[in-house]
2 protein chains.
Amino acid sequence: MGNDHSVEVPNHCSMCGNRHLSAFKNLGDEDLDQLSEMKTCVSFKKGQVIMHEGARPQGVYCLHSGKVKLYKLGAEGKEQIIRFMTKGDLLGYRSLLSEETISGSVSAIDDTYACYIPKSSFFQVIQKNPKFTLNILEKACHELGEMGKIITSLAQKTVRERLAEILLILRATFGETEEGNLDISLTREEIANMVGTATESAIRLISELKEDSLIETKGRKIKILDATRLRKIANVFD
Amino acid sequence: MGNDHSVEVPNHCSMCGNRHLSAFKNLGDEDLDQLSEMKTCVSFKKGQVIMHEGARPQGVYCLHSGKVKLYKLGAEGKEQIIRFMTKGDLLGYRSLLSEETISGSVSAIDDTYACYIPKSSFFQVIQKNPKFTLNILEKACHELGEMGKIITSLAQKTVRERLAEILLILRATFGETEEGNLDISLTREEIANMVGTATESAIRLISELKEDSLIETKGRKIKILDATRLRKIANVFD
DNA sequence: TGTGGAAAATGATAATTATCATATTTTTGG
DNA sequence: CCAAAAATATGATAATTATCATTTTCCACA
């Protein structure tokens, strides 16, 4: 087991446990049949680039398992991580629907399985099923709100506040392992690329949080010890 | 003339010169008739708040003329301007579609005329006309891309670079008056609230740009003298 | 058309953050 | 499991940006 894609990703969308998380949640059997016929299962190894900024995708990916990061390259070639995505999330639809090139690259930060749905099938489902379009729209609208929050943080908070905030966001997004560590493994550079700071600054501030016993780290494992105080530092109230 | 709303905003949507700019661009006559019956014309004076962050809107506004800013309040109560909107733009749909509270306040920076479309009519059009939904989705997807760019700028560029960038964006968005000034009047504080910096810092950097003859200012009037060098400072290549 | 209040400009200084250098630890791939 | 490479940690310093104080200018409105 585990060496066959059909184990990792069900062949038929109706069998997919993530369906209710995705934009495909309320499609009828007929639509699901059609989707299942057109989709192909794909896997990406940790570190592999799934989509390239500036390209024109020929389809969308529906993530089945694993974790990916969406990032843009800044002027000096530095990665800015915009968001993470995981099971149930749809990749590439933005570009197809706005008829623009891909606004950011996507790469796997864990081994990742996904279903690839070609452009034509994607648009067929959209045409046939207004509910699907509305699902996507709803997700896009939610994302717009999230990005507004990120913009406000970046513009107004200090690096220290943003770092604390992002540690909390990581926990809310990915949860914890049995040992209590954040269930995502990131390099300090990647953390810096989310926070929007220099890698050294992120490292230094992480060390400070450690000294103050707010967090504990061992290599890339990070454990949040005092979420309350962390929340205070982050200046978040919700 | 000018003292009657019917002069400022046509009574019937089919007569609206901005229709082709908006998400209503390819609606049929029947839909337009229905919309026209349900919409009401509203006007906002400069400075007036149109929507409040955290509220639940009961409809959407389609801007007919004037300019508005969308902003969020940060932890210290400081405004962060997320974007500007002008004729043809739809306000409030994000909240209705994601069933969340409004993610940011909107206020008029010029006298503004708009059509108000109640929630129920909005959803009726959505239900009846998949093309309309797709139009909105397309706009939302475009906006997601723009916000990704903003995030990357805020995270990676210096204040000086961002200021230069925003002056160029303002020109691209609002154009110039006959005298060559940016066709939008903003306080230094508002500029700072876009750039994501302290008001004094924005003022200081504007003064520097003046000294270097990149721009010229007289009160709130700003004229771009050397867009090429400004673009170089902003680190933009597209 | 003068005037009071707001906005803009500017200086001085403090705080934050970036950069560069180097040592140490961790991770990765054979 | 080990060695090389990559990542992390930390110090020293420079650059950027924020903050506070004060003066000058602008502008809305009586």
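Reckoned from all heavy atoms, side chains included, excluding hydrogens, waters and symmetry mates. Each chain gets a letter, A, B and so on, in the order its sequence line appears, and its residues count up from 1.
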Task: Distance, rounded to the nearest Å, where B:Glu76 contributes CD and D:dC20 contributes C1' - done: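 Result: 16 Å.
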- [ ] Could you tell me the separation between the CZ atom of A:Arg220 and the C1' atom of D:dA9, rounded to a whole number of Å?
- [x]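 One finds 14 Å between C1' of D:dA9 and CZ of A:Arg220, rounded.
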Any side-chain heavy-atom pair of [X] and [Y] under 4.5 Å:
X        : Y        : value
A:Phe122 : A:Leu96  : yes
A:Tyr113 : A:Cys41  : no
B:Leu209 : B:Leu230 : yes

Open item on the list: Tell me which residues in residues 185-210 of chain B lie within less than 4.0 Å of DNA chain C, going by non-hydrogen atoms.
Closed with: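 Hits under 4.0 Å, by residue number: B:Thr187, B:Arg188, B:Glu189, B:Glu200, B:Ile203, B:Arg204, B:Ser207, B:Lys210.
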Task: Bending between helix ends of the helix from C:dT1-D:dA30 to C:dG30-D:dC1 [5 pairs per end, 10° resolution] - done: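 If I round to tens, the end axes sit 70° apart.
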Look at the side chain of [X] and the backbone N and O of [Y], then say whether any donor-acceptor pair between them is shorter than 3.5 Å.
X        : Y        : answer
B:Arg162 : B:Val195 : yes
B:Gln156 : B:Leu154 : no
A:Thr197 : A:Ala192 : no

Open item on the list: Test: side-chain hydrogen bond (donor to acceptor under 3.5 Å, both in side chains). Region: residues 218-227 of chain A. Which pairs qualify, not counting sequence neighbours?
Closed with: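 Non-adjacent pairs meeting side-chain hydrogen bond (donor to acceptor under 3.5 Å, both in side chains): A:Asp226-A:Arg229.
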TODO: Sequence neighbours left out, what pairs pass side-chain hydrogen bond (donor to acceptor under 3.5 Å, both in side chains) with at least one residue falling in residues 163-182 of chain B?
DONE: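 Sorted pair list: B:Ser153-B:Glu165, B:Lys157-B:Glu165, B:Arg171-B:Glu176.
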TODO: Sort and list the pairs that fulfil ring pair (Phe, Tyr, Trp, His ring centres under 6.0 Å) and have at least one residue in residues 146-184 of chain B, not counting sequence neighbours.
DONE: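 Passing the test, one end in residues 146-184 of chain B: B:Phe84-B:Phe174.
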Task: Note: B:Glu143-B:Arg94 ion pair, threshold 4.0 Å (strictly below) - done: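 No salt bridge links B:Glu143 with B:Arg94.
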Task: Contact nearer the 5' end of DNA chain D, comparing A:Glu211 with B:Lys221 - done: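 The answer here is A:Glu211.
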- [ ] Considering only heavy atoms of chain B and a distance under 4.0 Å, specify the first and last nucleotide of DNA chain C in 5' to 3' order that meet this criterion.
- [x]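 On DNA chain C, the outermost contacted nucleotides are C:dA7 to C:dA12.
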